[in-house]
Student: 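Please read through the structure below; I'll follow up with questions.
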There are 2 protein chains.
Amino acid sequence: MARSNTLQYMILGLLTRQDMTGYDIKQTFDKEKAEFWTAPFSQIYPELNRLLKKDLIQLLPTIQESRKKTYQLTTTGRSIFNEWIKQPLSPEITTLDNDNFVLRLHFLGKEHADILQKLLKKRQQTLKVEIAQLELELAEVVSHPEQYGRELIIRKELANKKSDLKLWKKELLK
Amino acid sequence: MARSNTLQYMILGLLTRQDMTGYDIKQTFDKEKAEFWTAPFSQIYPELNRLLKKDLIQLLPTIQESRKKTYQLTTTGRSIFNEWIKQPLSPEITTLDNDNFVLRLHFLGKEHADILQKLLKKRQQTLKVEIAQLELELAEVVSHPEQYGRELIIRKELANKKSDLKLWKKELLK
DNA sequence: CCATCCATGTAAGGAGTTACATGATTGG
DNA sequence: CCAATCATGTAACTCCTTACATGGATGG
């Protein structure tokens, strides 16, 4: 049934950077959300408790200061996250949609140059297919003036994807 | 509580083009989905029954041919849809996010040139704000090599939004 | 006759939103 | 003292996905 657990990996990813409270996590989300995503407290706190139960995170022993709860990755949590980030790179997964791409990319630093390279290459492949598809749709829609808005969407998407392709190409040459 | 009912308006919008069965609606979704969205049968059929109950659509009297059900907009349904499509243009709504923009745009033809113009102008406003925001984030992130992936996302988003802005500007000059 | 497409649904559960509830701490 | 921010949660509801179930029509 419905599963993908993106929030789980987002939280684990944030905790690789540093130990945090649920409140901190929400702050980080809000600060970085413009790029792709956010989550409210009512999703974050229950998720943290689920991650605790699964032993992917643990509470930092706190110095009786407040009801603040600081979380830390367990070694299991860290390895689960590391597997996840590399997962779309496996040969049997041939396409890498924008959301998955962006979510992985978000947690890669200069030190992950090897993973980054493979990720960009895979994304390029998908982009090429998507661009070809959109070109076909565009050719079809131009003869329908009553779908002019849709034509504009297709033009916009094409421009965006071509721009992405160019950007990743440039990046790989560096 | 959670409300926005995008699927409702998507279906109403498709039915403005022509009368359709649930199956047809799904086909159209699949054909046009690349641009932004899709929905499975298990969402479409229940939604059609809800729309029936709300008298926004009605069954076409069918000639006892099969269990096929062809739906048609009611006058209420048509006016609800027409209100919805113009809704983000009201002065009290100041921002027009990409999803809302694209969904409305999808149903505008050459004959809606006036609405289209206003929609593009409003979207330009939002884009300018978003671009300014991203420029700030970019300036901040460049000093963090461990967030290099995030930097790439920001660069990509900036390029996309700037490209959009240029496209709508060109479109408005026509 | 058999596979594919046409055609309509239900069930179960996860994902995400909005509203509600509570209380401590900090700065002006 | 009062507002804003810090801090953690529950409840209710809608949205969305995956799996399951059923059967007719069409074409090779």
Side-chain angles (χ1 to χ4, degrees), chain A residues 1-15 18-31 33 36-54 56-60 62-72 84 97 99-100 102-103, chain B residues 1-12 14-15 18-31 33 36-54 56-60 62-72 84 97 99-100 103:
Chain A
M1 290 129 201
R3 187 81 39 96
S4 90
N5 253 351
T6 47
L7 181 60
Q8 162 175 312
Y9 293 108
M10 185 73 197
I11 291 177
L12 292 180
L14 292 176
L15 288 175
Q18 56 184 299
D19 302 340
M20 282 179 171
T21 67
Y23 194 86
D24 296 334
I25 288 170
K26 168 70 172 155
Q27 297 307 101
T28 315
F29 256 107
D30 285 351
K31 216 185 119 205
K33 91 176 160 171
F36 62 106
W37 187 31
T38 188
F41 284 126
S42 55
Q43 251 191 302
I44 291 170
Y45 288 122
E47 186 62 39
L48 283 171
N49 288 319
R50 279 191 291 273
L51 290 175
L52 261 185
K53 256 179 229 151
K54 289 197 262 177
L56 303 184
I57 59 174
Q58 61 197 10
L59 270 171
L60 269 193
T62 157
I63 333 103
Q64 185 57 18
E65 59 186 64
S66 62
R67 91 228 102 102
K68 188 154 63 160
K69 294 173 170 185
T70 304
Y71 295 96
Q72 184 178 48
W84 169 82
D97 63 86
D99 284 357
N100 268 305
V102 165
L103 195 50
Chain B
M1 292 130 200
R3 187 80 40 96
S4 90
N5 252 353
T6 47
L7 181 60
Q8 161 174 313
Y9 293 108
M10 184 73 197
I11 291 178
L12 292 180
L14 292 177
L15 288 175
Q18 56 185 298
D19 301 342
M20 282 178 169
T21 67
Y23 194 86
D24 296 334
I25 288 169
K26 169 70 172 154
Q27 298 307 101
T28 313
F29 255 107
D30 285 352
K31 217 184 117 207
K33 89 176 161 171
F36 61 106
W37 187 30
T38 188
F41 284 125
S42 55
Q43 250 192 302
I44 291 169
Y45 288 121
E47 186 62 38
L48 283 171
N49 288 319
R50 280 192 289 272
L51 291 175
L52 260 186
K53 255 179 231 153
K54 288 196 262 177
L56 303 184
I57 59 175
Q58 60 197 11
L59 271 171
L60 268 192
T62 158
I63 333 103
Q64 184 58 16
E65 61 185 64
S66 62
R67 92 226 102 101
K68 187 154 65 159
K69 293 174 171 184
T70 304
Y71 295 97
Q72 183 179 48
W84 169 82
D97 63 88
D99 283 358
N100 268 304
L103 194 52

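Small disclaimer: the values here were computed from a predicted structure and weren't measured. The sequence lines fix the lettering, A, B, ..., with proteins before strands; numbering per chain opens at 1.
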Student: Test A:D19 against A:Y71 for side chain to side chain contact (heavy atoms under 4.5 Å, CB included), laying out the working first.
Tutor: CA-CA 6 Å; A:D19 302 340; A:Y71 295 96; over 6 Å; no

Student: I need the single residue from A:K33, A:K26, A:Q27 that forms a side chain to side chain donor-acceptor pair (under 3.5 Å) with A:D30. Which is it?
Tutor: A:K26

Student: Which is more 5' along DNA chain D, the nucleotide nearest A:T21 or the one nearest B:L7? Just name the residue.
Tutor: A:T21

Student: Where the side chain of B:P46 is defined as all heavy atoms beyond and including C-beta, which of C:dT10, C:dG9, C:dA7 is the nearest nucleotide?
Tutor: C:dT10

Student: Test side chain to side chain contact (heavy atoms under 4.5 Å, CB included) on B:I25 and B:T28 and set out the steps.
Tutor: CA-CA 5 Å; B:I25 288 169; B:T28 313; 5.6 Å; no

Student: Axis-to-axis angle across the helix from C:dC1-D:dG28 to C:dG28-D:dC1, five pairs an end, to 10 degrees?
Tutor: 30°

Student: Look at B:K26 and C:dA7 and indicate whether a side-chain polar atom (N or O) is within less than 4.0 Å of OP1 or OP2.
Tutor: no

Student: Looking only at side-chain atoms of A:Y45, point me to the closest of D:dT8, C:dC6, D:dC16.
Tutor: D:dT8

Student: Looking at B:Q8, is its backbone amide N or carbonyl O close enough to the side chain of B:N5 to form a donor-acceptor pair, meaning the two atoms are under 3.5 Å apart?
Tutor: no

Student: Are A:Q43 and C:dA15 close enough that a side-chain N or O sits under 4.0 Å from OP1 or OP2?
Tutor: no

Student: Has the side chain of A:S42 got a donor or acceptor atom sitting under 3.5 Å from an opposite partner on the base of C:dT18?
Tutor: yes

Student: How would you list, by chain and number, every residue that makes a salt bridge (Lys or Arg N to Asp or Glu O under 4.0 Å) with A:K69, sequence neighbours excluded?
Tutor: none

Student: Does B:K68 place a side-chain N or O at less than 4.0 Å from the phosphate oxygens OP1/OP2 of D:dA25?
Tutor: no

Student: Side-chain N or O of B:N5 less than 4.0 angstrom from OP1 or OP2 on D:dT14?
Tutor: no

Student: Could you check A:Y23 against B:P40 and say which one's nearest nucleotide on DNA chain D is further toward the 5' end?
Tutor: A:Y23

